[in-house]
Protein chains: 2
Amino acid sequence: MRRPATLASLAAELGVSRTTVSNAYNRPDQLSPELRDRVLKTAERLGYPGPDPVARSLRTRKAGAAGLLLTENLSYAFRDPAAVGFLEGLALACEDAGVGLHLVPASPQREDVAAVHRAGVDGFVVYSVPDDDPHLAAVMSRPVHTVVCDQPQLEDVDRVGIDDGAAITKLAEHVLRLGHRSVGVLCMRLGRDRNDNFVSVDRQRSAHYHVQRRRLGALASVFESAGVDWSKVPVVERFDHTSEDGASAAAQLLDKHPDVTALVCTSDILAVGALTEAKRRGLRVPIDLTVTGFDGIAEADRVELTTVRQPIQDKGRAAGQLLLSAAERNGPKLITLDTELLIGATCGSPRNAEEPWFGP
Amino acid sequence: MRRPATLASLAAELGVSRTTVSNAYNRPDQLSPELRDRVLKTAERLGYPGPDPVARSLRTRKAGAAGLLLTENLSYAFRDPAAVGFLEGLALACEDAGVGLHLVPASPQREDVAAVHRAGVDGFVVYSVPDDDPHLAAVMSRPVHTVVCDQPQLEDVDRVGIDDGAAITKLAEHVLRLGHRSVGVLCMRLGRDRNDNFVSVDRQRSAHYHVQRRRLGALASVFESAGVDWSKVPVVERFDHTSEDGASAAAQLLDKHPDVTALVCTSDILAVGALTEAKRRGLRVPIDLTVTGFDGIAEADRVELTTVRQPIQDKGRAAGQLLLSAAERNGPKLITLDTELLIGATCGSPRNAEEPWFGP
DNA sequence: TAGAGGGACCGTAACGTTTCAGATTGTTTT
DNA sequence: AAAACAATCTGAAACGTTACGGTCCCTCTA
């Protein structure tokens with residue numbers, strides 16, 4: 001018995017068919033308790049660890065796992081509270097269904113798409129990757145069910161998301177109503193190339209991150225409607241997503257445009273950094289500077305940030321449920337979750353308030 | 001072509017052998033560029049998505065994934081900062097190696113061990129599960145490499161951990177040196193059964209969570225050495241691990257033993273909760289009450305908790321590297337990481353300080 | 001006692017791939 | 001001109017399992 005025992009060798013040893021051994025493990029009702037017991041006993045004696053999961057997967061065409069594509073250093077996913085929330089929700093759904101969660105190693109730097117092809121999963125959840133990412137293309141080429149999240153509608157693919165445009169519009173209207181006309185924007189990365197700098201309107205329009213493109217687009221149109229020339233609005237981008245980056249982005253923006261009275265950030269993390277930078281400069285929030293975020297993470301609550309709360313955990317769970325539901329597939333399913341404007345303590349009227357947008 | 005294309009059908013269509021098609025994907029140097037191109041073109045035409053990962057795994061006996069067993073609601077793993085840190089480190093190691101991270105759905109309630117058997121992975125990392133957990137047994141029965149973390153030494157199994165005893169001893173000596181003799185302890189769950197209550201010395205000794213057993217044991221011996229009767233020291237256990245539970249545990253303990261001057265907690269989360277409860281009661285920390293934690297999470301830093309910092313992220317990474325290193329297997333490998341006593345602002349001398357343990 | 005019914009088990013055919021030891025060329029070396 | 005070589009491609013044998021459609025035999029019913 002040099003080579004590890006297999007179902008076949010076990011069957012041979014017992015003098016029964018492979019089917020019977022298989023049934024001993026998978027369909028106990030298909031054989032007599034005595035025989036089953038004998039099978040299990042012999043298995044233990046021979047050191048047979050039970051049916052090989054990979055061989056079983058090949059035969060049953062079920063891997064018992066959901067794949068998650070992040071296209072970001074995996075470790076980053078655990079550092080960003082929003083990503084953690086999403087993961088939590090997704091894990092919840094997987095757990096309920098009794099399937100594993102397979103995190104695909106897809107660093108943005110490494111163009112190596114092989115990991116996507118190597119993943120033995122029953123489907124993929126794709127969370128916030130740029131629309132031109134080769135990993136995304138690789139996932140789409142796999143013949144398995146896929147759910148995208150915070151992603152533009154792809155042909156015939158399930159999707160979970162929020163109405164980013166509507167959400168940030170409400171926020172912007174709040175800022176406008178307070179009288180701000182001289183605003184700046186901090187946003188997350190817009191493409192796979194690093195651009196820790198001001199962003200042209202062109203780059204905004206052609207951003208490869210759907211969520212960011214959507215939010216910037218909505219901001220542009222609502223501010224334009226209020227008479228603000230969007231092409232004059234400074235927008236600063238950061239590739240990495242930490243509060244330090246938020247702080248440095250705020251610094252970069254305020255250095256060049258000390259006149260802005262409000263900083264609209266496309267994420268809470270960036271906004272928290274902006275708050276830090278404001279304090280460093282001796283700017284009082286919200287008296288001297290208004291700051292807003294997006295997401296509704298715990299930290300935002302702690303600093304009383306005015307922001308948009310999105311049900312990030314529900315998003316993960318919805319994505320998981322969508323993926324795992326054996327629902328009949330007639331057309332792609334779309335789920336749009338609700339958001340909520342959270343008024344904190346970081347917004348106020350600008351010091352030399354202009355005419356309010358709406359009447360008194 | 002009703003059924004999805006396979007490597008074989010593609011080979012048939014092309015009039016070449018399966019080997020050649022396989023080589024086109026896996027060993028481009030083994031066939032002429034022209035033929036390879038023809039293969040890939042035809043694959044696209046027939047909608048062949050490339051070699052099936054499961055079939056490949058079966059043949060190569062490599063799944064390209066590391067399993068993680070947590071035996072806790074997966075979602076919990078994303079809520080506890082320590083667990084998140086561990087995951088982050090583990091994910092880092094997996095990413096470096098280009099392998100996936102397969103989170104095994106193993107709720108403590110569900111006794112369903114099948115998920116462990118179903119997981120197509122090359123090895124397991126087991127993080128802080130009770131030593132009598134059936135999931136752990138299931139993992140051990142699988143013929144794959146396993147690394148345990150925060151776990152007692154298992155026969156012939158790699159292990160990553162810290163010296164919990166030494167670490168908490170340093171902490172306890174600090175508390176003793178300040179003069180405390182009347183202490184209470186808050187600890188995490190000691191077994192798979194829920195016991196949100198005081199803990200007998202017996203239950204402490206037979207705790208199934210290695211880390212907790214170790215820490216309590218070390219506390220017992222260091223306090224005994226200092227002349228404290230450990231059997232009189234109140235220890236309160238909490239099954240769930242949130243700061244709310246820490247608060248309620250502190251309340252339960254202080255209600256019954258209002259005389260304690262120091263609360264030693266076996267985790268930062270519990271300690272943070274204890275701080276909240278102390279404040280609620282109008283107890284000034286550290287004047288009226290000394291509180292200590294364990295772990296060194298970010299929140300601990302924020303509240304200036306005196307605690308033991310353990311390199312939680314390194315732990316995850318070390319576990320991953322150990323699992324994935326193809327090192328020759330001569331005897332189990334053991335890695336013990338360093339810890340550091342972090343003096344915060346939550347420790348002081350008791351109001352009616354007794355004779356200090358050490359000289360002046 | 002014939003026939004129906006059902007429990008227990010079996011044989012064969014996949015599942016889709018990689019691997020290994022050749023076979024077949026055309027090209028160079030001696 | 002024979003021998004050696006490299007480049008390219010092939011055939012058959014695994015890898016370990018489960019699905020499917022049986023067979024066999026015993027018991028129950030009428």
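In the text below, chain A, chain B and the rest are named by the order of the sequence lines, each starting its count at 1.
Atoms NE2 (A:H117) and P (C:dG16) sit 17 Å apart, rounded to a whole Å. Put simply, CZ on B:R118 is 15 Å from P on D:dT17, counting in whole angstrom units. Here C:dC9 presents its C1' atom at 14 Å from CD of A:E34, a figure rounded to the nearest Å. In this structure, CG of A:L7 is placed 19 Å from P of C:dA14, rounded to the nearest angstrom. Here D:dA19 presents its C1' atom at 11 Å from CG of A:N26, a figure rounded to the nearest Å. A:Y25 places its OH atom 9 Å from the P atom of D:dT17, with the value rounded to the nearest Å. Regarding B:R27, its CZ atom lies at a distance of 9 Å from the P atom of C:dT18, rounded to whole Å. As a whole-Å value, the separation of B:K62 NZ from D:dC15 C1' is 14 Å.
At a cut-off of 3.5 Å, with distance as the only test, no side-chain donor of B:N73 or B:R79 sits close to an acceptor on the other residue. Donor-acceptor pairing under 3.5 Å is recorded for the side chains of A:D80 and A:H241. Using a 3.5 Å distance cut-off with no hydrogens or angles, the side chains of B:T19 and B:S22 do not pair a donor with an acceptor. Side-chain contact annotation: A:N26 with A:R56, donor-acceptor N/O pair under 3.5 Å present. Counting only N and O atoms by type, the side chains of A:H208 and A:D133 include no donor and acceptor under 3.5 Å apart.
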Polar atom pairs between nucleotides 9-14 of chain D and protein, under 3.5 Å, N or O only, would you list them?
unit_1: D:dC9; atom_1: OP2; unit_2: B:S32; atom_2: N; d: 2.9
unit_1: D:dT10; atom_1: OP2; unit_2: B:S17; atom_2: N; d: 2.9
unit_1: D:dT10; atom_1: OP2; unit_2: B:S17; atom_2: OG; d: 3.3
unit_1: D:dT10; atom_1: OP2; unit_2: B:T20; atom_2: OG1; d: 2.7
unit_1: D:dG11; atom_1: O6; unit_2: B:T19; atom_2: OG1; d: 2.5
unit_1: D:dA14; atom_1: N3; unit_2: B:R59; atom_2: NH1; d: 3.0

For nucleotides 23-25 of chain C, which of its nitrogen or oxygen atoms have a protein nitrogen or oxygen under 3.5 Å away, and what is each distance?
none

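A:S57 contributes atom OG, which lies 9.5 Å from atom CG of B:D52 (distance to the nearest 0.5 angstrom).
With respect to the salt-bridge test (charged N to carboxylate O, under 4.0 angstrom), the residues A:D96 and A:R317 do not qualify.
B:A119 and B:H102 get closest at one heavy-atom pair: CB-NE2, 3.8 Å.
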Problem - salt bridge (Lys or Arg N to Asp or Glu O under 4.0 Å) evaluation trace for A:E13 with A:R45 - result: CA-CA 11 Å; A:E13 171 83 13; A:R45 181 165 60 78; 3.2 Å; yes

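Not one side-chain nitrogen or oxygen of A:R61 sits closer than 4.0 Å to the OP1 or OP2 atom of D:dA19.
Residue-level contact check: B:Y48 touches the backbone only, with heavy atoms under 4.0 Å from sugar-phosphate atoms and none from bases.
Candidate nucleotides C:dT17, D:dT18, D:dC15 were compared by shortest atom distance to the side chain of B:R56, and C:dT17 ranks first.
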